[in-house]
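Numbers restart at 1 for each chain; the letters A, B, ... are given by sequence-line order, proteins then strands. On a predicted model such as this, the values are computed, not experimentally measured, just so you know.
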Amino acid sequence: MVGAERNEQQRYNPAEIEPRWQALWDANPALYAAESHTSGKPKFYCLEMLPYPSGQLHMGHVRNYAIGDALARFMRMRGYNVLHPMGWDAFGLPAENAALKNNTPPREWTLKNIEQMKVQMRRIGLSYDWAGTEIATCLPEYYRWNQWFFLKMVEAGLAYRRSSKVNWCPKCATVLANEQVVGGCCWRHEDTLVEQRELEQWFLGITKYADELLDGLDAMPGWPEKVRTMQRNWIGRSEGAHVDFRVSAMADTPAITVFTTRVDTIFGATSIQLAPEHPLVKEWVKNDAELAKAVTEMIAQQKVARETGDIGNIEKHGVATGKTAINPFNGETLPIWVANYILADYGTGAIMSVPAHDDRDFEFANKYGLPVVQVVAPRDSAEDVALPYGGEDDAVLMDSGAWTGETPVAAQEKMARFAEEHGFGKKTTTYRLKDWGVSRQRYWGTPIPMVYCANGHAGVKPGGVVALPESSLPVLLPEQIEITQEGGSPLGKVPEFVNTTCPVCGGPARRETDTMDTFVDSSWYFYRYTDSRNSHAPFDSEKANYWFPIDQYIGGVEHAILHLIYSRFWTKVMRDLGLIKNSEPAERLFTQGMVIKDGAKMSKSKGNVVSPDDMIARYGADATRMYALFAAPPDRDLEWQEEGVAGISRFLARVYRLTIKYAPVVRTLEGAVHGDEVAAGQFAGQTIEGAALLRTLHQTIAKITEDFNGRWHFNTCIAAIMILVNEVTAAESAMDKGGIAPATVAELLRTLTLLLAPFAPFLAAELWRELGETTDVFQQHWPAADAQLARESEIEIPVQVNGKLVTVLKLASGSDDEAISAASLADEKVSARLVGKTIVKHLVIKSKLVNLVVK
RNA sequence: GCGGGAGUGGUGAAAUGGCAGACACGCAGGUCUUAGAAGCCUGUGCCGUAAGGCGUAGGGGUUCAAGUCCCCUCUCCCGCACCA
């Protein structure tokens, strides 16, 4: 009957369908807007990391957003109030480089890129609430709140200025945070070695939160173990002790404070080792030309090794200073050396060397013939142990005065207390994490809202730093400016910007000309989304408290340290300012894998970049994003194969053909109920074919629904939809002959469309309309799986003999173990295997499988 | 060196201790076509004409049953690294 109505088949044409729907969606800004915080629905904050507006979307973006958009659409259909925002991480160096190259102002270049990328994102059909949430961090409406937070941190003693050794990228012509140095090179210029410079810089006191940042990781089950481990390593908490060693015969020289995690081994110390850049060494080289030469060489060598990533492998060497120090625990005199394996910026830059119980000290002592004194040994086997010996669980101290016989752990505690009581040491904790240096000598960033009062006033000496009042915010970035890469901050060359008055005394003042690290912008942007048009505050606390924490954050693992640690820090600061209640920004974090091509990360230099625009032009946005979900589970790397996209496109074309073919039948069914309103009994009078199709349908619903709840194996979800479509296609002749009730056909096609909606929104919208619906497919309820309909009528029972498959029995659904057992013995193939054997065990497992153990 | 992850057909992959390779890609044969493209149908882990045997990096173990759990080894990817 249906076949007769078949017209000339329309072909699936995404190039026509997709822009048509896109235009409709663009014209309706409220379509994906979240309801307010007073909504009665449960909330769901679905967030993807905001992109840098380079002007070109890449496949990594497409994959990231395809995952987030599928989830956002699914959650909406499940009845949640979904916040799904998007914005632009719009400050940063590329805009300045582009300005140099093309003579375009950074602002213009950035805003143009944003427009381009927004066009691309809309073309993909991503369901963002553009009108309600979109932010660009380079606009004063946004960055004024960076300045506001900065002032709050100055007030709280969390932002401060000091001179220190900093990482300097010559290409960026600016300072970098420790987090932005990757393998000794700049994170943006992987071939550019980072130099060390001494500069006055602004720092944020992230180390005040080091313990909370570290301990909090244990209570974050929704974050990948990998990310939590990386953050633990980065924070690098190390419990130990400081011990002061007096320098012999130099009463006015300060004692050398060493940091050690093994104070229990101090009786085995045979030398003191200083970093080449230790302050005492700097003093001593003044009167010792030979020492000066050796130290200078070591510093140069350390620098080279650090830059080439070889630090850790360079040969240990050192030089004796000729000076000695006193071990406060036993009064022994130890030689003081300078060694190239001691780092100036970790601990105190000085160690006590215990060759018997530390690999590095052992290597060093052997080379220079320093004594090796064992003071820890296994409890039972005395001192017969290979050195260096770390001291396992059953170890005890030997030759260690009052502490001899103690376990190392007990001794560490007692000896640190002893040192403290006698004033030459204390228990202490060292972190690898350093305070966050946020000053950048660049133009395209947030101006730091501080001035230097030229003449000074009460409490501020001439040239001293003064915070601007909140009322003077925003400090605007000047627009017309000459960008250069030399001669310090570009802002320093703009007199109208630099010259100002002191807000306290009214005298002349000079503005801070450094700008903030762009990671400041991204540390709190997701709070702004909850109230992005607020001009009185960064956001309304009530709104933020409704939406936070983020229910699902999705992005690349490359931000595991940088952005994800800074934004955790910022959240804690905001909590302590009383702005929010949550202590962590995101309940769940998902890090998707990379998109690779020919086995390597896509890059211009390798020439293996696949452009999303090309893919969309050839196969459509639906096929492109669906392939990104189908080709691999989302947490794994994805090898981009164009044939695969073509395959998805063919699949969508089959769905399209099938739906268009039967749509006329569906449309003529008046008042048909559908979706989850269908009563289970409705399809009771099915033909066998109809029942089989409904069974697969409901199995598919169940599978996809379950997967969205956490497993996120969208590749197998899409495979399940393919299986369903394959079955429907195979039943076409039955459908044509009227072997399947029209209501069933309608149910199948409507539900199939709903199941496709999170993955292929354009096609779903088109087919929903073709099926005669006037509502928006994304406002529909997600279909409910009916366990009755999903149940198999016949079960397949594999039968094994000694664990090897012999046959598969087909039995009526609901057969009990006894029936299964009997059927397995009655089978010919099985009995052939049993000739001359004795059955030892006859196992029927969970009504699913039979295993006969025979001898 | 430390930490995390991975290793399954020609390829992407699937399999929550229970039939290894679902679903795709590719390939081969067929069909339709004046021809091609697109469809559609069939086949496709390896060895073997077949019956059958073998098979999840390698080795061992636990179990009625192991890709999956445990131990050892190898390889690859990612992060950190002379961190005292």
Original post:
For E794(A), does the CD atom have more than 12 heavy-atom neighbours from other residues, nucleotides or ligands under 6.0 Å away?
Top reply: yes
Original post:
Taking the P atom of each, how far is C71(B) from A51(B), in whole Å?
Top reply: 42 Å
**OP:** State whether the distance check finds a donor on one side and an acceptor on the other, under 3.5 Å, for side chain N233(A) versus base C80(B).
**Re:** no
Original post:
Between C19(B) atom P and N802(A) atom CG, what is the distance in whole Å?
Top reply: 17 Å
Original post:
Nearest to the side chain of T260(A), which nucleotide is it out of A84(B), C19(B), C82(B)?
Top reply: A84(B)
Original post:
To the nearest Å, how far apart are E727(A) CD and C23(B) P?
Top reply: 10 Å
Side chains of residues 627-637 of chain A: which donor-acceptor partners sit under 3.5 Å, not counting sequence neighbours?
| unit_1 | atom_1 | unit_2 | atom_2 | d |
| --- | --- | --- | --- | --- |
| Y627(A) | OH | E639(A) | O | 3.1 |
| Y627(A) | OH | Q641(A) | N | 3.0 |
| D637(A) | OD1 | M594(A) | N | 2.8 |

Original post:
Partners of T430(A) by side chain to side chain donor-acceptor pair (under 3.5 Å), sequence neighbours excluded?
Top reply: none
Original post:
Of the candidate nucleotides A84(B), A22(B), C19(B), which contains the atom at the shortest distance from the side chain of P798(A)?
Top reply: C19(B)
Original post:
Using a cut-off of less than 4.0 Å, is there contact between a side-chain N or O of R711(A) and OP1 or OP2 of A15(B)?
Top reply: yes
Original post:
Would you say a side-chain N or O of K316(A) is under 4.0 Å from OP1 or OP2 of C82(B)?
Top reply: no
Original post:
Under 4.0 angstrom, heavy atoms only, what part of the nucleic acid is R232(A) near: base, sugar-phosphate, or nothing?
Top reply: nothing
**OP:** Describe the nucleic acid contact of V853(A) in one word from base, sugar-phosphate, nothing, applying a heavy-atom distance below 4.0 Å.
**Re:** sugar-phosphate
Original post:
Would you call G9(B) syn or anti, using the 90° rule around 0?
Top reply: syn
Original post:
Is there any side chain to side chain donor-acceptor pair (under 3.5 Å) pair reaching into residues 262-275 of chain A, and which pairs are they, with sequence neighbours excluded?
Top reply: R262(A)-D264(A), D264(A)-Q412(A), S271(A)-Q273(A)
**OP:** Measure the distance from CG on L562(A) to P on G79(B) and round it to the nearest whole Å.
**Re:** 12 Å
Original post:
Tell me: CE of M230(A) to P of G4(B), nearest whole Å?
Top reply: 13 Å
Original post:
Going by distance alone, is a donor N or O of one side chain under 3.5 Å from an acceptor N or O of the other, for D816(A) and S847(A)?
Top reply: no
**OP:** Taking only the side-chain heavy atoms of R11(A) (C-beta and beyond), determine which of A38(B), C64(B), C82(B) contains the nearest atom.
**Re:** A38(B)
Subject >> C1' gap between U16(B) and A24(B), integer Å >> reply: 23 Å
Original post:
Given A22(B), A65(B), A84(B), which nucleotide is nearest the side-chain atoms of I723(A)?
Top reply: A22(B)
Subject >> P gap between C23(B) and U42(B), integer Å >> reply: 12 Å
Original post:
Contact class for E642(A) (heavy atom, under 4.0 Å): base, sugar-phosphate, or nothing?
Top reply: nothing
Original post:
Are more than 12 heavy atoms from other residues, nucleotides or ligands located less than 6.0 Å from atom NZ of K427(A)?
Top reply: no
Report, one pair per line, the protein and nucleotides 10-13 of chain B atoms (nitrogen or oxygen only) whose separation is under 3.5 Å.
| unit_1 | atom_1 | unit_2 | atom_2 | d |
| --- | --- | --- | --- | --- |
| U11(B) | O2' | Q641(A) | NE2 | 2.8 |
| G12(B) | O2' | A631(A) | O | 2.5 |
| A13(B) | O3' | N715(A) | ND2 | 3.4 |

**OP:** Pull out every stem in RNA chain B, meaning runs of 3 or more consecutive Watson-Crick or G-U wobble pairs with both distances under 3.5 Å.
**Re:** B:1-7 with B:74-80, B:10-12 with B:23-25, B:26-31 with B:39-44, B:45-47 with B:52-54, B:57-61 with B:69-73
**OP:** Have a look at Q273(A) and say if it touches a base, only the backbone sugar-phosphate, or nothing, with a 4.0 Å heavy-atom cut-off.
**Re:** nothing
Original post:
Would you say a side-chain N or O of R432(A) is under 4.0 Å from OP1 or OP2 of A81(B)?
Top reply: yes
Original post:
Which residues satisfy the ring pair (Phe, Tyr, Trp, His ring centres under 6.0 Å) test with W234(A), sequence neighbours excluded?
Top reply: none
Subject >> Results of ring pair (Phe, Tyr, Trp, His ring centres under 6.0 Å) for Y656(A) - residues two or more places apart only >> reply: Y12(A)
**OP:** Ignoring backbone atoms, establish whether S353(A) has a side-chain N or O less than 4.0 Å from OP1 or OP2 of A84(B).
**Re:** no
Subject >> Between G55(B) and G9(B) - P atom distance, rounded Å >> reply: 14 Å
Pairs: protein N or O with nucleotides 26-32 of chain B N or O, under 3.5 Å:
| unit_1 | atom_1 | unit_2 | atom_2 | d |
| --- | --- | --- | --- | --- |
| G26(B) | OP2 | R650(A) | NH2 | 3.4 |

**OP:** Tell me whether the OP1 or OP2 atom of C83(B) has a side-chain N or O from R237(A) closer than 4.0 Å.
**Re:** no
**OP:** Could you measure between the two C1' atoms, the one in A20(B) and the one in G4(B), and give it in whole Å?
**Re:** 28 Å
**OP:** Just jot down the ring pair (Phe, Tyr, Trp, His ring centres under 6.0 Å) partners of Y566(A), sequence neighbours excluded, or say none.
**Re:** W436(A), F519(A)
Subject >> Residues, nucleotides or ligands: over 12 heavy atoms within 6.0 Å of K829(A) NZ >> reply: no
Original post:
Would you say S815(A)'s side chain and I820(A)'s backbone share a donor-acceptor pair under 3.5 angstrom?
Top reply: no
Original post:
Looking at residues at least two apart in the chain, or sitting in another chain, which of them share a side chain to side chain donor-acceptor pair (under 3.5 Å) with N366(A)?
Top reply: none
Original post:
Pick the nucleotide of RNA chain B nearest each of T229(A) and V557(A); which residue has the one closer to the 5' end?
Top reply: T229(A)
Subject >> Length of the line joining F259(A):CZ and C82(B):P, which is rounded to integer Å >> reply: 15 Å
**OP:** Tell me which of N726(A) and S238(A) sits closer to the 5' end of RNA chain B, going by the nucleotide each one is nearest to.
**Re:** N726(A)
**OP:** Compare side-chain N and O positions of K804(A) against OP1 and OP2 of C54(B) and report whether any pair is under 4.0 Å apart.
**Re:** yes
Original post:
P atom, C82(B) versus U63(B): distance in rounded Å?
Top reply: 46 Å
Original post:
So what does K226(A) touch, heavy atoms closer than 4.0 Å: a base, only the sugar-phosphate, or nothing?
Top reply: base
**OP:** Would you classify G236(A) as touching base, sugar-phosphate or nothing, given that sugar-phosphate means primed atoms plus P, OP1 and OP2, and contacts are heavy atoms under 4.0 Å?
**Re:** nothing
**OP:** Please report, rounded to the nearest Å, how far the C1' atom of C83(B) is from the CG atom of D361(A).
**Re:** 13 Å
Would you be so kind as to tabulate the donor-acceptor pairs closer than 3.5 Å made by side chains of residues 795-810 of chain A, with sequence neighbours excluded?
| unit_1 | atom_1 | unit_2 | atom_2 | d |
| --- | --- | --- | --- | --- |
| N802(A) | OD1 | V854(A) | N | 2.9 |
| N802(A) | ND2 | V854(A) | O | 3.4 |

Subject >> Axial cation check for Y341(A) ring with K316(A), 6.0 Å and 45° limits >> reply: yes
Original post:
Whole Å only: how far is the CD1 atom of I839(A) from the C1' atom of C64(B)?
Top reply: 13 Å
Subject >> Atom P, compared across G18(B) and U11(B): separation rounded to whole Å >> reply: 26 Å
Original post:
For Y619(A), which residues count as a ring pair (Phe, Tyr, Trp, His ring centres under 6.0 Å) partner, sequence neighbours excluded?
Top reply: none
**OP:** Would you mind reading off the distance between E363(A) atom CD and A84(B) atom C1', rounded to a whole angstrom?
**Re:** 14 Å
Subject >> Euclidean distance for C1', C76(B) against A22(B) (whole angstrom) >> reply: 27 Å
